[in-house]
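Structure first, then comments.
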Amino acid sequence: MPMDRTTGELLRAAARHSAGRCVALCLVSVTATGASLLLPAALGRTLDLLIAQTPATRWVLYCAALVALLTLLDALETVLAGTTDARTTAFLRRRVTGHVLAAGPRAADRFGAGDLVARVVGNAAQAGTAPAARAALLAALAGPVGAVAALALVDWRLAAVLLAGAPVLTLLLRTLARDTSTCVADYQRAQGRIAAALAEAVAGARTIRAAGTAGRDTARVLRPLPELSRAGVRMWRVQGRAAAQAVAVAPLLHLAVVAVAGVLLTRHRLTAGDVLAASRYAVLATGVGVLVGRLSGLVRSRAAAARLGEVLDQPAPAHGDRRLPPDGTGRLELRGVTARRCGRTVLDGVDLVVPGGRTLALVGRSGAGKSLLAALAGRLADPDAGEVLLDGVPLAALRRDELRAAIAQAFDRPALLGGTVEGTIALGPPGRAPSPARVREAARTARADDFVRRLPHGYATRCAHAPHSGGEAQRLGLARAFAHGGRLLILDDALSSLDTVTERQVTDVVFGSSTTATRLVVAHRAATAARADAVAWLDGGRVRAVGTHRELWRSPGYRAVFGAAGSGGAGSGGEPR
């Protein structure tokens, strides 16, 4: 089966990672094959001695030793194959998971969370069998080749009879590899679609329950099931057809070898022991069933590796080696930034400057590109054109540690990682974790300290066991951003779930003079935008206007962003007074 470059490199890297075990497995398998080839000769010699009524104790012991050795090697082969598969699977999962996290949102946008999980879990396990399958296939090929050679040593005519059917067997295996590859690829794609739909349904379980659409959504999740079934049936039919053809061809070749050996026996060209050995070698040489199984396993593993290769083909952002100027103020600049998502241009040639130490609110209707612009400013994504600079240095040119130390970010739905509540707030690059005192100070600033102290174990409470509301989760996300500091603070709708009093207290800090960092705030509330030094109004993927909230409020289009129809007033919640 042809492979693309990424898949080939991935399988080679996996083979190198488990090279020692693969070599050991190959040696054990080949040794077992060698013992299997010696056993018929030993049995034949034993039979000839017994027929001649000659002492054959030594040869009987040889046969027993070979059987014992084969049993031992089979057990060792099973252990080596299992550990090699596990080790390779772990390597592939680490590599793909690391790449997914490095690639950022583009990977999830391209494949979907469920499909990514299916690839990292299921496909990685299948691809992890490739090195061991390749080593086992080598030994499986060595058996028939060695058996033909052994037949030639018994009598060249026996080998010639067997080789006459070799082209048929070769064609059978080639057809099997081609057809299996297509079926397996279809099967794995259908699995991925089911996983993607299931992940989406689990994420929206409350909505589904509230809407009473469980039956309809179950049908939606399982919609690819018939395609999965058809691909599975085709796969088993291909393998079943190959096995049936092998069963039809192999016995005929075996009978032909035994018939020729019988004729040679009647002419005293062979002994009874030679006929026994020839019969056993013919079985080994026509053992296509083993080859079918090995080849099918290798094809499945390579098809799974191809799905992992598709993930690795998604580009991950590269980092440079530059540092920020030590006297920088956090000046953020976007120059001609264009960004596309799902084939749609979300941001189109955006030029924007946020002076150091100032606060800029991003305002616009849903889909205007506010969150994407915030992600570009924090280099959670890269623009398709243009560049983003911090204190005059392009973000793409910065060292990874320099970039992450300079930018703190909080989101509308923060992921509470890190084990404990304290670990969640302190989560960051190795060697840059804030002190416990800094963690508690940040929690107090984000108004999270009170509810954290009420938890069963305070800051040592595990997040999985800590009940919290959406607003409390946002406060923990804000505390994490405050704890790590930096010269640029980005809040992507990170205040949306806070109650009015808490929001006011937090915005006093974010917009207050005590904060020296440059602040970029995605704002959905007029009250939030009103407190910023300036507002960038996004509309149709472009910056429609930049000014203070008071200045922009004169535009009906700007007021419409907040759902205010009038020109401002006590009921609009808009223009400051």
Side-chain angles (χ1 to χ4, degrees), residues 328-337 339 346-366 368-378 383 386-392 395 406-410 412 478 481 486-496 503-504 506-564 567-568 572-577:
T329 59
R331 183 177 188 269
L332 177 67
E333 184 177 2
L334 283 74
R335 296 179 181 172
V337 167
V346 181
L347 296 175
D348 187 9
V350 172
D351 293 302
L352 190 63
V353 175
V354 187
R358 308 288 284 176
T359 303
L360 178 75
L362 295 176
V363 168
R365 293 184 181 275
S366 178
K370 303 182 297 297
S371 292
L372 179 55
L373 193 151
L376 296 173
E387 60 181 353
V388 183
L389 302 93
L390 183 62
D391 283 329
L395 296 186
I407 302 175
Q409 303 178 75
D412 59 338
L478 286 165
R487 62 181 72 186
L488 175 61
L489 174 64
I490 301 174
L491 304 183
D492 183 3
D493 201 19
L495 310 173
S496 59
E503 180 187 6
R504 179 73 184 193
V506 173
T507 53
D508 283 343
V509 176
V510 173
F511 297 112
S513 58
S514 61
T515 303
T516 59
T518 303
R519 286 139 289 172
L520 185 67
V521 181
V522 174
H524 291 277
R525 297 175 182 174
T528 304
R531 303 194 65 183
D533 296 313
V535 176
W537 175 16
L538 295 181
D539 187 22
R542 294 178 178 271
V543 177
R544 182 166 174 177
V546 177
T548 65
H549 178 70
R550 182 183 296 273
E551 293 168 346
L552 296 178
W553 191 257
R554 300 189 186 102
S555 169
Y558 180 78
R559 294 196 302 272
V561 170
F562 301 101
S567 61
S572 70
E575 184 181 5
R577 305 249 174 156

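We number each residue from 1, following the sequence as shown. Remember, it's a predicted structure, so these values are computed and weren't measured experimentally.
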Completion exercise
Rounded to the nearest 0.5 Å, the CD1 atom of Ile490 sits from the CG atom of Leu360 at a distance of 11.0 Å
Problem - Where Glu387 and Leu389 come nearest, the two heavy atoms and their spacing - result: CG-CD1, 3.8 Å
Problem - Sole candidate of Thr518, Asp391, Ile407 that passes side chain to side chain contact (heavy atoms under 4.5 Å, CB included) when paired with Arg487 - result: Asp391
Handout entry: Heavy-atom check, side chain of Leu520 versus side chain of Leu373, under 4.5 Å
Key = yes
Problem - Least distance between heavy atoms, Val388 atom then Ala377 atom - result: CG1-CA, 4.1 Å
Practice task
Begin from the C-alpha positions of Leu362 and Leu352 and carry the test side chain to side chain contact (heavy atoms under 4.5 Å, CB included) through to its verdict.
Solution key: CA-CA 11 Å; Leu362 295 176; Leu352 190 63; 4.3 Å; yes
Fill in the blank from the handout: In this structure, CG of Asp508 is separated from CD of Glu503 (nearest 0.5 Å) by 10.5 Å
Problem - Side chain proximity check, Leu376 to Leu347, heavy atoms < 4.5 angstrom - result: yes
Practice task
For Arg519 and Val510, indicate whether the former's side chain and the latter's backbone hold a donor-acceptor pair under 3.5 Å.
Solution key: yes
Practice task
Please name the pair of heavy atoms, one in Ala517 and one in Leu488, separated by the smallest distance, quoted to 0.1 Å.
Solution key: CB-N, 4.3 Å
Handout entry: Working for side chain to side chain contact (heavy atoms under 4.5 Å, CB included), residues Leu491 and Leu478
Key = CA-CA 8 Å; Leu491 304 183; Leu478 286 165; 3.8 Å; yes
Completion exercise
For Asp351, the salt bridge (Lys or Arg N to Asp or Glu O under 4.0 Å) test, sequence neighbours excluded, returns none
Practice task
Can you sort out the partners of Glu551 under salt bridge (Lys or Arg N to Asp or Glu O under 4.0 Å), two or more places apart, ordered by chain and number?
Solution key: none
Handout entry: pair Phe562-Arg525: side-chain heavy atoms closer than 4.5 Å
Key = no
Practice task
Pick out which of Val522, Val521, Val535 makes a side chain to side chain contact (heavy atoms under 4.5 Å, CB included) with Thr528.
Solution key: Val521
Handout entry: Heavy-atom pair with the smallest gap, counting every atom of Ala529 and Val363
Key = CB-CG2, 4.0 Å
Problem - Where Phe511 and Arg531 come nearest, the two heavy atoms and their spacing - result: CD2-O, 3.7 Å
Exercise for the section: Answer yes or no: is there a donor N or O on one side and an acceptor on the other, between the side chain of Arg331 and the main chain of Gly356, under 3.5 Å? Expected result: no
Fill in the blank from the handout: Here the pair of heavy atoms bringing Arg365 nearest to Val561 is N-CG1, 4.2 Å
Exercise for the section: Keeping the roles fixed (side chain from Lys370, backbone from Gly364), state whether a donor-acceptor pair exists under 3.5 Å. Expected result: yes
Problem - Listed partners of Arg554 passing salt bridge (Lys or Arg N to Asp or Glu O under 4.0 Å), at least two apart - result: none
